[in-house]
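When a ligand or atom number is given, it counts from 1 through the structure's own listing order.
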Amino acid sequence: MSQLTEHIDSFLNAEKVRQLFPVLGQKVNGKELIYFDNAATTQKPQNVIDAISDYYAQYNANIHRGLHSLAEKATAAYENTRKTIREFIQANEVEEVIFTSGTTESINLVASAFGRKFINPGDEVIISELEHHSNIVPWQMICEEKGADLKAIPVDEKGDLDIHAFRNLLSENTKIVAINHVSNSLGTINPVKNIIEIAHQAGAVVLLDGAQASAHIDIDVKDLNCDFYAFSAHKLFGPTGVGVLYGKRDLLESMSPYQGGGEMIKEVSLEKTTYADLPYKFEAGTPNIADVVAFDEAIRFVKSLGKKENILGYERSLLDFATELLKQIPGLKIIGEANEKIGVVSFIVEGLHHFDIGMMLDAKGIAVRTGHHCTQPLMQSFGIDGTVRASFSIYNTLDEVSIFVESLKEIVEKWR
Ligand code: PLP
């Protein structure tokens, strides 16, 4: 235990990091808040909160079209975030970085714009049983529209994808493989580099849903060689309502726009419209300027923490500690024990419903997620309808994990 504490302290001073997050200093239901729902959304540091109000208080203006000073300042701040994101994910060019409202919109954009252009009757799309509904439903919709088949890579009892089965699912008709980088329900880190290589050999393009990866793992789209990468600001200490779609330039250029409107055009007549160049072709309408600007501050915060491998190492230490203690609780079963995981632990307790556990933990000031976590097919493959999920971030501490497990023990002893 003391070794573990030293290990953690050598990586990060979580107590110091916590001070930057005003929401964490409060009591909930009379108890110090323990926030273990970071996979749903992370909390926001003060610099991100300030950036939003600074924009509205000091330079609120619409971007790109205005020639006045406020518009220029707002445009510069918005485009500055694009540069920051390009560097953050190691994209070749800023034109390959498209702002969306989140991972969900990024995936819908690809399913719709890539699908309309390249998916034909009899073609195949491959996803996996591990996917969030955001990476299932858009593909079901386009497959139904185009008469294509949707196939899913099975997951084994540990929560790993069956790569052998993946190879067998691929065919010359496979147009796209859409897989999460990290599973939100189980925390599994998928072997995405390998998956991308295999898919490319079969001639398919690959979209990675990076919603759960971007806060914990270095994203290098060039090294991964993925064709598309989607993620959300709010899971990365940034605001809600902003996300990114990275796409390789040639693919993005070959796709027609996803939505029509202002900003995405070169010329409009009543007969015909010509479209703007990348990235604006995919950014119709007034975007979420304030939150894109604040997203830059979120990245600044992440960078200030140092190497991502240290962040993940710290969160893994919390996970290992929690896993060891949870396993001692009678009737508790952990769902998903892949070797490569982020700090997410999902579990069920025999004789107790996950919703009841979640509510009783909330009464003790502990926020966890309960239910199917928008992964109903995954829950079905495990023969359950939901789990309790605790997901850790860099501001969580060993003490919080101990309190959580002790509280859970009390609940199980009293009600099971
Ligand atoms: N993909 C995964 C793996 C997720 O965990 C989530 C959100 O929980 C999403 C997609 C959807 O993200 P958003 O709601 O930010 O669009």
Side-chain angles (χ1 to χ4, degrees), residues 35-44 48 85 98-112 127-141 152-153 155 159-161 177-192 195 206-217 219 226 228-246 258 282 287-288 291-292 294-295 298 315 335-336 338 340-346 367-379 381 386-393:
Y35 186 78
F36 282 171
D37 196 16
N38 294 289
T41 197
T42 54
Q43 296 300 346
K44 319 303 169 199
V48 169
I85 299 298
I98 293 157
F99 287 120
T100 63
S101 64
T103 308
T104 302
E105 190 183 29
S106 299
I107 297 172
N108 274 277
L109 192 165
V110 177
S112 173
I127 56 170
S128 86
E129 286 182 354
L130 267 183
E131 302 312 311
H132 188 279
H133 295 164
S134 298
N135 201 27
I136 300 176
V137 184
W139 301 111
Q140 281 175 338
M141 288 161 69
I153 309 169
V155 70
D160 282 313
L161 292 179
V177 175
I179 300 288
N180 61 38
H181 194 163
V182 171
S183 153
N184 63 309
S185 288
L186 309 184
T188 310
I189 302 173
N190 287 316
V192 286
I195 288 173
V206 180
L207 173 140
L208 291 184
D209 167 357
Q212 294 296 337
S214 56
H216 316 281
I217 296 172
I219 311 299
C226 56
F228 298 105
Y229 198 96
F231 60 106
S232 301
H234 73 97
K235 298 196 193 276
L236 187 51
F237 312 105
T240 53
V242 172
V244 170
L245 173 68
Y246 157 80
Y258 165 58
F282 292 108
N288 187 349
D291 294 310
V292 168
F295 190 11
E315 292 162 348
I335 306 292
E340 298 291 328
K341 280 180 70 168
I342 61 161
V344 166
V345 59
S346 253
V368 292
R369 197 69 157 191
T370 56
H372 54 62
H373 318 297
C374 298
T375 55
Q376 280 186 314
L378 178 66
M379 295 296 128
S381 76
T387 69
V388 180
R389 180 188 71 186
S391 49
F392 307 121
S393 186

> When the aromatic ring centroids of Phe392 and Phe36 are compared, is their separation below 6.0 Å?
Replying inline: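 Aromatic pair counts; centres sit under 6.0 Å.
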Proximity to ligand 1 by part of [X], non-hydrogen separation under 4.0 Å:
X      : value
Lys235 : side chain
Asp209 : side chain
Glu131 : neither

> Is there a side-chain contact between His234 and Asp291 (heavy atoms, below 4.5 Å)?
Replying inline: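 Contact flag for His234/Asp291 side chains = no.
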> For atom 4 (C) of ligand 1, which protein heavy atom lies nearest, and how many Å away is it?
Replying inline: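 For atom 4 (C) of ligand 1, the nearest protein heavy atom comes out as His132 CD2, 3.3 Å.
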> Which residue supplies the protein heavy atom nearest to atom 5 (O) of ligand 1, what is that atom called, and how far is it?
Replying inline: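 I find the closest protein heavy atom is Gln212 NE2, 2.7 Å.
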>> Is the ring pair His372/His133 parallel, tilted or perpendicular, if the boundaries are 30 and 60 degrees?
In response: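 Taking His133 first and then His372, their aromatic rings sit tilted (interplane angle of 30° to 60°).
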> Between Thr100 and Ser106, is a side chain to side chain donor-acceptor pair (under 3.5 Å) present by the stated rule, with each step listed?
Replying inline: CA-CA 6 Å; Thr100 63; Ser106 299; 2.9 Å; yes
> Relative to the heavy atoms of Thr104, which atoms of ligand 1 are at a distance of less than 4.0 Å?
Replying inline: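 Selected atoms, number and element: 11 (C), 12 (O), 13 (P), 14 (O), 16 (O).
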>> Quick check on contacts: which atoms of ligand 1 are under 4.0 angstrom from a heavy atom of Ser232?
In response: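 Result: 12 (O), 13 (P), 15 (O), 16 (O).
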> Going from CZ on Phe237 to OG on Ser393, what distance comes out if it is rounded to the nearest 0.5 angstrom?
Replying inline: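 Output value for this atom pair is 3.5 Å.
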> Have His132 and Ser134 got a donor and an acceptor in their side chains that come within less than 3.5 Å?
Replying inline: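 Ser134 and His132 do have a side-chain donor-acceptor pair below 3.5 Å.
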> Which option, Leu130, Thr103, Val242, owns the non-hydrogen atom nearest atom 12 (O) of ligand 1?
Replying inline: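 Looking at heavy atoms only, Thr103 sits closest to atom 12 (O) of ligand 1.
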> Is there any N or O on Asn180 that sits under 3.5 Å from an N or O of ligand 1?
Replying inline: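 No: no nitrogen or oxygen of Asn180 is under 3.5 Å from one in ligand 1.
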> Considering the options Ile219, Asn190, Ile342, which one meets the side-chain contact (heavy atoms from CB on, under 4.5 Å) requirement together with His181?
Replying inline: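 Checked Ile219, Asn190, Ile342 against His181; only one passes side-chain contact (heavy atoms from CB on, under 4.5 Å): Ile219.
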